[in-house]
Amino acid sequence: MTNLTLVLGAGGKTGRRVARRLRDGGVAVRAGSRSGTPRFDWTDRATWAPALDGAGAVYISYFPDLAAPGAAETVGAFAGLAAPRRLVLLSGRGEPEAQRAERLVRDASPDATIVRCSWFAQNFSESFLAEPVAAGAVYFAADAVREPFVDVEDVADVAAAALPEPGHEGRLYELTGPRLLTFAEAVREIARATGREIGYTPVSVEDFTAAMDGEPEDVVALVTYLVTEVLDGRNERLADGVREALGREPRDFAEYAVTLR
Ligand SMILES: NC(=O)c1ccc[n+]([C@@H]2O[C@H](COP(=O)([O-])OP(=O)(O)OC[C@H]3O[C@@H](n4cnc5c(N)ncnc54)[C@H](OP(=O)(O)O)[C@@H]3O)[C@@H](O)[C@H]2O)c1
C-alpha cells in the first residue's frame with residue numbers, strides 16, 4: 001500500500017482540513033469529490049474503485065449525514081471495497097444510524113478508526129446555522145439542552161493523526177469540546193466575540209420543521225430526525241477522545257468564536 005490517502009468530502013468542513021494537514025505533513029492526498037479526477041460520488045458506485053485505486057488509506061466522511069436513509073449500508077459497502085486499506089470513519093455521537101454505520105465499517109475492517117463526534121461548533125458558521133447567525137436571528141429547536149460542541153479543527157487533528165500514524169488502529173475516539181453549552185449560550189458567545197447582536201429563540205421541532213417549508217421532503221425528515229434524536233439530552237456529557245488521540249485538551253468554544261471576528 002502507498003501513502004496516498006483518499007480524503008472523501010475533501011471540500012467539506014472536516015475533509016478540507018484533513019487534506020490540508022496531511023499535505024502539510026508530506027502525505028499525498030487524492031481529493032474525493034464529485035468534481036475530482038477520478039470522480040467520487042456516493043450515489044454512483046462505479047466511481048468508488050477508481051477513486052480507491054493506488055490509495056493506502058481513506059478518510060470517510062459521508063454526505064449528507066450518516067442518519068440519512070441507506071447511509072449505513074452505503075458506507076458499509078464502501079468499506080468492504082476499501083478494506084484492507086487504513087480507514088478512518090467520521091461518525092456522529094448518540095445517533096443509532098451512525099452507530100450502525102460504525103458496526104458495518106468495523107465488520108469490513110476491524111482495524112478502522114472511528115472518530116465519533118458531538119455537534120460541530122462550525123455548524124454556526126459553515127452549515128445550516130451560518131445564515132441565521134449572519135442575519136443576527138437564530139430560531140432553532142433546542143432550548144435547555146446542552147451540547148459539548150466540538151471544534152472541527154480538533155476533528156481534523158485527530159483524523160489527520162490517525163490516518164498515517166500507527167497506534168490508532170481499531171480505536172474509537174469520542175470527540176467533544178471541553179464545555180457543555182446551550183445553543184443560546186453558544187450564540188451569545190459568538191455575539192460577544194464578534195461584537196454583533198445575535199438573537200436566539202428556541203422553537204418547537206414542529207415549528208422549526210414547518211419553517212423549512214419548500215425544502216425537499218428528505219431534507220426535512222433528516223433534520224427532524226437529528227433534532228429529535230440527538231438533542232434530547234443523551235449527549236449532555238463530555239468525552240475524552242481528543243486527549244486520548246492527541247494527548248492534549250480539546251479547543252474551547254470561545255477559541256472557535258473568536259475565529260468569526
Ligand atoms: N455537523 C455535525 O455537527 C456532525 C457531527 C458529527 C458527525 N457528522 C457527520 O459528518 C459528516 C459530514 O462531514 P463534513 O461536515 O465534514 O462534510 P460536509 O461539509 O457536509 O461535506 C460536504 C462535501 O460533501 C461532498 N458531497 C456532496 N454530495 C456528495 C456525493 N453525492 N458524493 C460524494 N461527495 C459528496 C461535497 O463535495 P463535492 O461537491 O466536491 O463532491 C462537499 O464538499 C456526516 O456524515 C455527518 O453524519 C456531522
Side-chain angles (χ1 to χ4, degrees), residues 6-21 29-48 50-52 58-79 82 88-102 104-105 114-130 140 142 147-160 172-177 181 183 186 216 218-219 222-223 225-227 229-231 234-235 239 241-242 250 253 256:
L6 171 64
V7 175
L8 301 184
K13 291 185 285 304
T14 61
R16 180 160 43 90
R17 290 169 167 95
V18 172
R20 193 173 57 225
R21 281 161 173 76
V29 170
R30 176 179 293 151
S33 161
R34 290 165 301 170
S35 53
T37 314
R39 194 168 72 84
F40 178 86
D41 189 334
W42 282 111
T43 66
D44 180 1
R45 289 186 187 211
T47 65
W48 297 2
L52 284 166
V58 190
Y59 174 66
I60 307 175
S61 68
Y62 183 77
F63 185 89
D65 198 285
L66 288 178
E73 282 69 24
T74 302
V75 168
F78 175 80
V88 172
L89 172 71
L90 172 66
S91 182
R93 191 187 193 214
E95 291 178 39
E97 282 301 296
Q99 270 68 87
R100 205 159 65 79
E102 293 171 8
L104 292 174
V105 168
I114 310 291
V115 182
R116 187 191 284 170
C117 298
S118 58
W119 191 278
F120 296 161
Q122 276 76 0
N123 288 336
F124 290 103
S125 49
E126 300 177 26
S127 187
F128 71 104
L129 291 174
F140 189 53
E147 176 69 25
F149 299 97
V150 66
D151 193 317
V152 297
E153 301 291 349
D154 281 341
V155 179
D157 280 347
V158 170
L172 162 64
Y173 295 123
E174 196 163 294
L175 305 193
T176 74
L181 292 168
F183 280 71
D218 55 340
V219 174
L222 179 60
V223 172
Y225 170 86
L226 286 173
V227 292
E229 277 288 331
V230 186
L231 295 176
R234 75 184 62 185
N235 286 333
V242 173
F253 192 84
Y256 156 72

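Bear in mind that the values here come from a model prediction, so they are computed numbers and not experimental data. When a ligand or atom number is given, it counts from 1 through the structure's own listing order.
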Is there side-chain contact between [X] and [Y], with at least one heavy-atom pair below 4.5 Å?
| X | Y | result |
| --- | --- | --- |
| P96 | E229 | yes |
| Y173 | R116 | no |
| Y59 | L89 | no |

Around [atom], find the nearest protein heavy atom and jot down its residue, atom name and distance.
| atom | answer |
| --- | --- |
| atom 33 (C) of ligand 1 | W42 CD1, 3.4 Å |
| atom 17 (O) of ligand 1 | K13 N, 4.1 Å |
| atom 10 (O) of ligand 1 | L90 CD2, 3.2 Å |
| atom 24 (O) of ligand 1 | F63 CD1, 3.5 Å |

Find all atoms of ligand 1 within a distance of less than 4.0 Å from any non-hydrogen atom belonging to [X], and give their numbers and elements.
| X | result |
| --- | --- |
| F40 | 33 (C) |
| G92 | 6 (C), 7 (C) |
| N123 | 1 (N), 2 (C), 3 (O) |
| S33 | 38 (P), 40 (O), 41 (O) |
| D65 | 44 (C), 45 (O), 46 (C), 47 (O) |
| P64 | 44 (C) |
| W119 | 3 (O) |
| S91 | 6 (C), 7 (C) |

For [X] and [Y], indicate whether the former's side chain and the latter's backbone hold a donor-acceptor pair under 3.5 Å.
| X | Y | result |
| --- | --- | --- |
| T47 | D41 | yes |
| R21 | R17 | yes |
| R30 | A51 | yes |
| R100 | A71 | no |

side-chain contact (heavy atoms from CB on, under 4.5 Å) between D151 and F120, worked out: CA-CA 6 Å; D151 193 317; F120 296 161; over 6 Å; no
Heavy-atom proximity to [atom], best of [options]:
| atom | options | result |
| --- | --- | --- |
| atom 30 (C) of ligand 1 | E126, E95, Q122, R34 | R34 |
| atom 21 (O) of ligand 1 | G12, A10, G11 | G12 |
| atom 12 (C) of ligand 1 | F128, F149, Y62 | Y62 |

Please assess F40 against L8 for the test side-chain contact (heavy atoms from CB on, under 4.5 Å), listing each intermediate value before the final yes or no. CA-CA 8 Å; F40 178 86; L8 301 184; 3.7 Å; yes
Name the one of E174, E102, E147 that satisfies salt bridge (charged side-chain N to carboxylate O under 4.0 Å, His left out) with R93?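 Testing R93 for a salt bridge (charged side-chain N to carboxylate O under 4.0 Å, His left out) against E174, E102, E147 leaves exactly one candidate, E174.
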Heavy atoms only, cut-off 4.0 Å: how does D41 contact ligand 1, side chain, backbone, both, or neither?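 Both the backbone and the side chain of D41 come within reach of ligand 1.
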May I ask you to decide if the ring planes of F140 and W119 are parallel, tilted or perpendicular, using 30° and 60° as cut-offs?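 Rings of F140 and W119: tilted, 30 to 60°.
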Once the angle between the rings of F253 and F149 is folded into 0 to 90°, is it parallel (under 30°), tilted (30 to 60°) or perpendicular (over 60°)?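 Aromatic pair F253/F149 classed tilted.
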Regarding E126 and K13, does a basic nitrogen lie under 4.0 Å from an acidic carboxylate oxygen?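 No salt bridge links E126 with K13.
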Can a non-hydrogen atom of [X] be found less than 4.0 Å from any atom of ligand 1?
| X | answer |
| --- | --- |
| S118 | yes |
| G32 | no |
| A31 | no |

Do any N/O atoms on [X] end up under 3.5 angstrom from N/O atoms on ligand 1?
| X | value |
| --- | --- |
| C117 | no |
| F120 | yes |
| T14 | yes |

